[in-house]
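Computed from heavy atoms alone, side chains included, the values below leave out hydrogens, waters and symmetry copies. Worth saying up front: this structure is predicted, and the values here are computed from it rather than measured. We name chains A, B, ... by the order of the sequence lines, and we start the count at 1 in each one.
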There are 2 protein chains.
Amino acid sequence: MVTIYDIAKKANVSPMTVSRVINHSPAISEATRLKVEAVIREMDYIPNKQARGLVSKETKLVSLVIPDIANPFFTTIARGAEDKALQSGYQMLLGNSDEQTDKECRYVDLLLSSKVDGVLIAPTGDASLPNLRKLAKRRVPFVFVDRYVEGIDADLASGDNVETTRELVAHLAEQGHRRIALINGPSGISNARERRQAFLDALVLSGLEACPELLIETHFRQDSFSDIVRTFMALAPAARPTAIVAANNFIGVNTLRALKEMNVTVPDEISVACFDDPEPIPDYNPFLTVAAQPAYDIGYMGMQMLIERIEGTAPARSRKIMLPSTLIVRKSTVKA
Amino acid sequence: MVTIYDIAKKANVSPMTVSRVINHSPAISEATRLKVEAVIREMDYIPNKQARGLVSKETKLVSLVIPDIANPFFTTIARGAEDKALQSGYQMLLGNSDEQTDKECRYVDLLLSSKVDGVLIAPTGDASLPNLRKLAKRRVPFVFVDRYVEGIDADLASGDNVETTRELVAHLAEQGHRRIALINGPSGISNARERRQAFLDALVLSGLEACPELLIETHFRQDSFSDIVRTFMALAPAARPTAIVAANNFIGVNTLRALKEMNVTVPDEISVACFDDPEPIPDYNPFLTVAAQPAYDIGYMGMQMLIERIEGTAPARSRKIMLPSTLIVRKSTVKA
DNA sequence: CTGTTAGCGCATTCAG
DNA sequence: CTGAATGCGCTAACAG
């Protein structure tokens, strides 16, 4: 392995001078810089990050921890975050917690032992508190994306849950719906709580009444909605929902599937709209009405805030960035 | 920061003993092991991977480099690869080359300086050769997934391009198609080359003739297929293709979109089938006939071979694992 | 079974 | 502007 000593010997300088060249120290004469750079190229030298990190206490390594790598919403966040990280000279480690707090915990341990400079995280939920405290205890800066955890203060980049929910409800109300159901994520996750509250508020704004039996709490990755749909359809016609808001793309898609299995036609009998587009690829068979959150920007801005924390250029107070969604109206909410 | 010295002092042993406990060395008495483990827990000690890697020359870090993080085919490979890595005690760094050889090059440099133990890679194409040589020169083991590079020997885990292509063509021939087009990826990528050859062979097997004007070479991420579709439709009816095979999900979806824009009905006027399912989420509006490659298994087995290389338990000769696809027939190839 | 010595590759600190 | 000494946290190789 080629080290700074090898370069130093060949260039007739001290190792320290080589180190200065590598780190773009200004205290180097143009002549020696050029000489050393030539030898570095010639010997195909690559600095050892471990050795560097061991002494300098920084690794230029950040991590993004997401709860579902199969969900295009999160992979798009990853693209944004990675672009910003690379632009700023950081390398990004991507972790997938699979919505499991213990898997997240193992990841945090790995990150701690790998000495990442900071962590961008969409926590699995309020149960993530101990994991985040562990980061805080070790003084590793972290920033929330998409979700935050109650009781811990950090920057947050997310979609605007209140405004987005309001748009979805207003769109459905405009279509004449008066009984709208919400199939939500677990109340242990901040955005599910916010969407629930925003949903109730939005109903009021649209002059509608809230019905407890139309507020369903499930999981963001639950894959069967047959029971829920069956319960809805078993209600008396006047009590039955004519529209459903799904709290994410996965719930939206699987609700559609359950409706289809039960031969309930969409949008004729029930309309469906959801948060986040399920399409990673430009839609070829557009169907589902969605409020698309700006996932790329959420990732990008989250990473930007994280890097500012790492480099100490962030204000002391934590910042909350809420980005607006785009309502994309498609067939699932518009009767022919 | 808590180090092995702090633990050693508190447990009244030498730092070396602590190191042995951490590394599960068998040469430790049960009594001291328990004593040291208690102190480790008490002080909430986490080993420093950098220091460890600096001396032991292994980091337990592997990397997966894929060309498109937005494509569900590759994220599914990532899930499989990560599961295997974590099971084997490795941490996985995910890199996204965006089908750009120079971005891939920068990633390889980062991986080299981060001292990863091995790399699982779907190269951007034959142009990746210098990047891979750089890994080889530094003795970093690597394994190919999905694609390989001509002129460099390494293990490979991929779908069975020959058999998969044959299935797609046979399915279309069974539906009575006699003029089948192939919209392929660049010939600089191994699987595009293989699919092209397999396509020609499959036509012969099905008793059909190959028409050069129906063999199109594009990019795996090209997003407009209007020109190609227009050219097809401009052909005399007898020369016009009645079916299209797309070499990946992205091409398939965007070809459908182009057909739709030109008001060509699918499957009545033209049938479409492609490699890889575009759906990351169980399909809710099934339409496109696909040959779904076992992406999870490709990632899993690729990582398994990589770890065997790293740990020296692999045979000297390189291995090629080809996994069969599943043909999923949907509306885009079956007339009502 | 346990401890001692040495050094991994680099950057910080202090001298020139 | 350049260099020498020192140590980051850990483990290999040897000794007991």
Open item on the list: Under 4.0 Å, heavy atoms only, any strand: does B/P47 hit a base, just the sugar-phosphate, or nothing?
Closed with: sugar-phosphate
Task: Distance (rounded to the nearest 0.5 Å) between B/I66 CD1 and B/I121 CD1 - done: 11.0 Å
Open item on the list: Whether A/S56 contacts C/dT12 is assessed here as follows: a side-chain N or O lying under 4.0 Å from the phosphate OP1 or OP2. Is that the case?
Closed with: no
Task: 5'-most by nearest nucleotide on DNA chain D - B/N23 or A/I28 - done: A/I28
TODO: Identify, between B/R20 and B/A51, the residue whose nearest nucleotide on DNA chain C lies closer to the 5' end.
DONE: B/R20
Task: B/K57 vs C/dG9: side-chain N/O to OP1/OP2 distance below 4.0 Å - done: yes
Task: A/Y5 side-chain N/O to D/dG3 phosphate OP1/OP2 under 4.0 Å - done: no
Open item on the list: Measuring from atom OH of B/Y296 to atom NZ of B/K84, what distance do you get when rounded to the nearest 0.5 angstrom?
Closed with: 10.0 Å
TODO: Give a yes/no answer on whether the side chain of B/S14 brings an N or O atom under 4.0 Å of OP1 or OP2 in C/dG3.
DONE: yes
Open item on the list: Side chain of B/A27, heavy atoms from C-beta onward: which of C/dT2, C/dT4, D/dC10 has the nearest atom to it?
Closed with: C/dT2
Task: Sugar-phosphate only, base, or nothing, as touched by B/I4 at under 4.0 Å among non-hydrogen atoms - done: base
- [ ] Look at A/K35 and D/dT2 and indicate whether a side-chain polar atom (N or O) is within less than 4.0 Å of OP1 or OP2.
- [x] no
TODO: In whole angstrom, give the distance that lies between atom CD of A/E58 and atom P of C/dG9.
DONE: 21 Å
Task: Gap between atoms CG and P, on B/L54 and C/dG7 respectively (whole Å) - done: 14 Å
Open item on the list: Nearest to the B/T17 side chain among D/dG9, C/dG9, C/dT2, which nucleotide is it?
Closed with: C/dT2
Open item on the list: Using OP1 and OP2 only, check whether a side-chain N or O of A/T32 sits under 4.0 Å from D/dC1.
Closed with: no
TODO: Kindly say whether B/V62 contributes a backbone atom to a donor-acceptor pair with the side chain of B/D117 at under 3.5 angstrom?
DONE: no
Open item on the list: How many whole angstroms separate atom CD1 of A/I22 from atom C1' of C/dC10?
Closed with: 8 Å
Open item on the list: Can you see if the side chain of B/S19 gets near the phosphate of D/dT11 - specifically, an N or O under 4.0 Å from OP1 or OP2?
Closed with: yes
TODO: Would you kindly compare B/N12 and B/V55 by the position of their nearest DNA chain C nucleotide and give the one closer to the 5′ end?
DONE: B/N12
TODO: Could you tell me whether the side chain of B/R319 and the main chain of B/A314 form a donor-acceptor pair under 3.5 Å?
DONE: no
Open item on the list: Given 3.5 Å as the limit, does a donor-acceptor pair link the side chain of A/N71 with the main chain of A/F73, or not?
Closed with: yes
- [ ] Using whole Å, report how far CG of A/N48 lies from P of C/dG9.
- [x] 7 Å
